[in-house]
Amino acid sequence: MDSQQAVEHTTEVENNLNSLISRMKDAETGQRGFLLTGDESFLEPYNGAKAEVNVFFNHVQLLTVDNQYQQKDFPLLEKFIERKFDLIDQSINDKKRGIPPTVPALRVGKKTMDSVRSVVAAMISRENQLLISRNATMNEFAAFTPIMIGIASLLSMGITILFYFRVSKDARIAINLQKELKDKGEKTARQIEVIDEIAKKIAGGDYSALIEKTDLQ
């Protein structure tokens with residue numbers, strides 16, 4: 001993924017984790033209101049919170065499926081989330097039966113919620129570190145790319161020059177060969193003329209006619 005996609009991915013992971021925490025806080029708010037008043041209308045923020053938290057949980061798990069370090073935290077996070085909602089359910093059910101909440105039970109609930117926050121904070125931090133690492137790698141690649149392009153350009157230029165000289169050399173050889181063939185053709189034509197002329201003289205009775213060496217050059 002490119003730099004922009006990496007930023008968007010990290011932002012989506014962080015937003016879903018923060019939304020998970022936010023819905024759990026809503027559940028706590030509804031729990032406290034109900035425990036203080038006994039009015040079930042206060043449970044409205046709690047109703048459906050667990051299902052929504054599970055949606056955020058599953059989405060983040062899918063987003064980080066390629067990150068083994070993030071994946072290792074999900075069983076622990078799931079354990080704390082389940083524990084927290086069990087404690088909330090128990091306190092609400094006790095209140096409905098007329099059993100008031102105890103300080104130790106509330107402290108256990110707070111400690112469990114703190115554990116959820118701690119795991120989520122670690123996951124967000126790890127995701128941001130991964131983003132920094134990805135950007136650093138992409139920056140290194142971006143810095144190295146012009147060098148590779150320059151090297152490739154020089155190689156291409158060198159190959160072009162090499163082929164130019166090779167083609168030029170072949171062209172010169174071809175021109176010289178063509179000239180040699182033309183010269184030989186002209187020489188052969190002159191020799192045939194000389195021989196033909198001598199032959200005519202001999203045929204006419206002039207036996208003194210001779211072929212000079214220079215006539216054949």
Side-chain angles (χ1 to χ4, degrees), residues 1-37 39-96 101-145:
M1 65 178 67
D2 59 28
S3 180
Q4 182 60 33
Q5 289 175 326
V7 171
E8 291 175 355
H9 180 272
T10 298
T11 300
E12 188 174 4
V13 171
E14 187 170 349
N15 286 344
N16 276 272
L17 287 171
N18 285 329
S19 295
L20 183 152
I21 290 292
S22 178
R23 287 303 285 124
M24 292 194 72
K25 288 168 64 177
D26 290 343
E28 275 192 325
T29 299
Q31 173 201 26
R32 285 194 294 268
F34 177 69
L35 295 180
L36 288 172
T37 65
D39 185 348
E40 293 193 17
S41 64
F42 281 94
L43 292 177
E44 184 177 348
Y46 164 75
N47 295 327
K50 185 174 183 180
E52 291 183 36
V53 167
N54 285 335
V55 170
F56 294 127
F57 178 93
N58 292 333
H59 190 47
V60 175
Q61 191 170 29
L62 182 62
L63 287 172
T64 59
V65 69
D66 60 340
N67 188 328
Q68 59 176 330
Y69 299 105
Q70 292 287 50
Q71 292 295 309
K72 289 179 181 179
D73 276 341
F74 282 102
L76 182 61
L77 179 59
E78 185 177 30
K79 175 183 175 182
F80 287 138
I81 290 174
E82 290 291 339
R83 176 62 174 159
K84 178 60 180 177
F85 276 106
D86 286 345
L87 291 170
I88 292 176
D89 290 342
Q90 183 178 345
S91 65
I92 291 173
N93 290 331
D94 285 346
K95 179 66 177 179
K96 289 179 178 179
T102 64
V103 173
L106 294 175
R107 284 177 178 169
V108 171
K110 179 182 181 304
K111 184 177 180 180
T112 304
M113 188 62 189
D114 289 342
S115 297
V116 172
R117 289 191 178 94
S118 178
V119 175
V120 167
M123 294 179 74
I124 291 176
S125 176
R126 189 182 295 115
E127 195 67 26
N128 283 311
Q129 288 298 320
L130 180 59
L131 175 62
I132 293 172
S133 176
R134 282 172 175 163
N135 285 338
T137 300
M138 282 185 282
N139 289 336
E140 289 178 3
F141 180 76
F144 189 64
T145 298

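Just the heavy atoms: all of them, side chains too, but no hydrogens, waters or symmetry mates, feed the values below. Values in this document were obtained by computation on a predicted structure and should not be read as measured data.
At distances below 3.5 Å, at least one donor-acceptor pair connects side-chain atoms of Arg23 with backbone N or O atoms of Pro45. Judged by distance alone, with hydrogens and angles left aside, the side-chain atoms of Thr112 form a donor-acceptor pair with the main-chain N or O of Val108 at under 3.5 Å. The closest donor-acceptor contact from the side chain of Ser22 to the backbone of Asn18 lies at 3.5 Å or more, if one exists at all. A donor-acceptor distance shorter than 3.5 angstrom exists from the side chain of Gln70 to the backbone of Met123, with no hydrogens or angles considered. A donor-acceptor contact shorter than 3.5 Å links the side chain of Lys95 to the backbone of Leu35. A donor-acceptor distance shorter than 3.5 angstrom exists from the side chain of Thr11 to the backbone of Val7, with no hydrogens or angles considered.
Of all the heavy atoms in Phe34 and Phe42, the pair that sits closest is N-CB, 3.6 Å. Leu77 approaches Val116 most closely through the heavy-atom pair CD1-CG1, 3.9 Å.
At a threshold of 4.5 Å between non-hydrogen side-chain atoms, the residues Leu87 and Met113 do not count as touching. Side-chain atoms of Phe85 and Val53, non-hydrogen and from C-beta on, do get closer than 4.5 Å to each other. Between Phe74 and Thr64 there is a side-chain heavy-atom pair separated by less than 4.5 Å. With contacts defined as side-chain heavy-atom distances shorter than 4.5 Å, the pair Arg107/Lys111 does not qualify. No side-chain heavy atom of Glu127 sits under 4.5 Å from any side-chain heavy atom of Leu17.
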May I have the step-by-step check of side-chain contact (heavy atoms from CB on, under 4.5 Å) for Arg126 and Asp73, ending in yes or no? CA-CA 11 Å; Arg126 189 182 295 115; Asp73 276 341; 2.9 Å; yes
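The number of heavy atoms from other shown groups lying within 6.0 Å of CZ (Arg83) does not exceed 12. Surrounding CD of Glu44 are at most 12 heavy atoms belonging to other residues, nucleotides or ligands under 6.0 Å away.
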